[in-house]
Enquirer: 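Below is the structure I would like to discuss, written out as structure tokens.
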Amino acid sequence: MTDEEWNSIMDVNLRGVFLCSQIAGREMIKRKQGKIVNISSNISQVLQPGRGIYAISKAGVSHLTKVMALEWALIIFM
């Protein structure tokens, strides 16, 4: 895997979710309500040869979604 391949997969699968969620999250926080549904993959939990970077990026999406839900709920309900 090259640096370029790593960056490309992470940019699309993880950074893209992060940036889109930030845009939606700003409005949710203003309105004190909302929902974001991010799509991950079962490969984030099940290992397959040759799919490492994809699996890592999808595991990141799963964890990022949980962290944002917790942190933004604290902001909204404080």
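Note that the numbering runs from 1 along the sequence shown for the chain.
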Enquirer: Name every donor-acceptor pair, under 3.5 Å, that has one atom in a side chain of residues 63-74 and the other anywhere in the protein, sequence neighbours excluded.
Expert:
residue : atom : partner : partner atom : Å
T65     : OG1  : N38     : ND2          : 2.9
T65     : OG1  : V61     : O            : 2.8

Enquirer: Donor-acceptor pairs are to be reported for all side-chain atoms of residues 10-21 against protein atoms at under 3.5 Å, with residues two or more places apart or in another chain.
Expert:
residue : atom : partner : partner atom : Å
N13     : ND2  : S57     : OG           : 3.1
S21     : OG   : V17     : O            : 2.8

Enquirer: Provide the closest heavy-atom pair for K35 versus M28 in the form atom of the first, atom of the second, distance.
Expert: N-SD, 3.9 Å
Enquirer: For a quick test of reading the model, state the closest non-hydrogen atom pair linking S41 to K58 and the distance between them.
Expert: CB-CG, 3.9 Å
Enquirer: Could you pull out the closest heavy-atom pair between A24 and I36, with the gap in Å?
Expert: CB-CD1, 4.0 Å
Enquirer: With sequence neighbours left out, which residue pairs that include part of residues 44-56 fulfil the side chain to side chain donor-acceptor pair (under 3.5 Å) condition?
Expert: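 Sorted result for residues 44-56: empty, none.
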Enquirer: How long is the span from the CD1 atom in I29 to the CD1 atom in I75, to the nearest 0.5 Å?
Expert: 4.5 Å
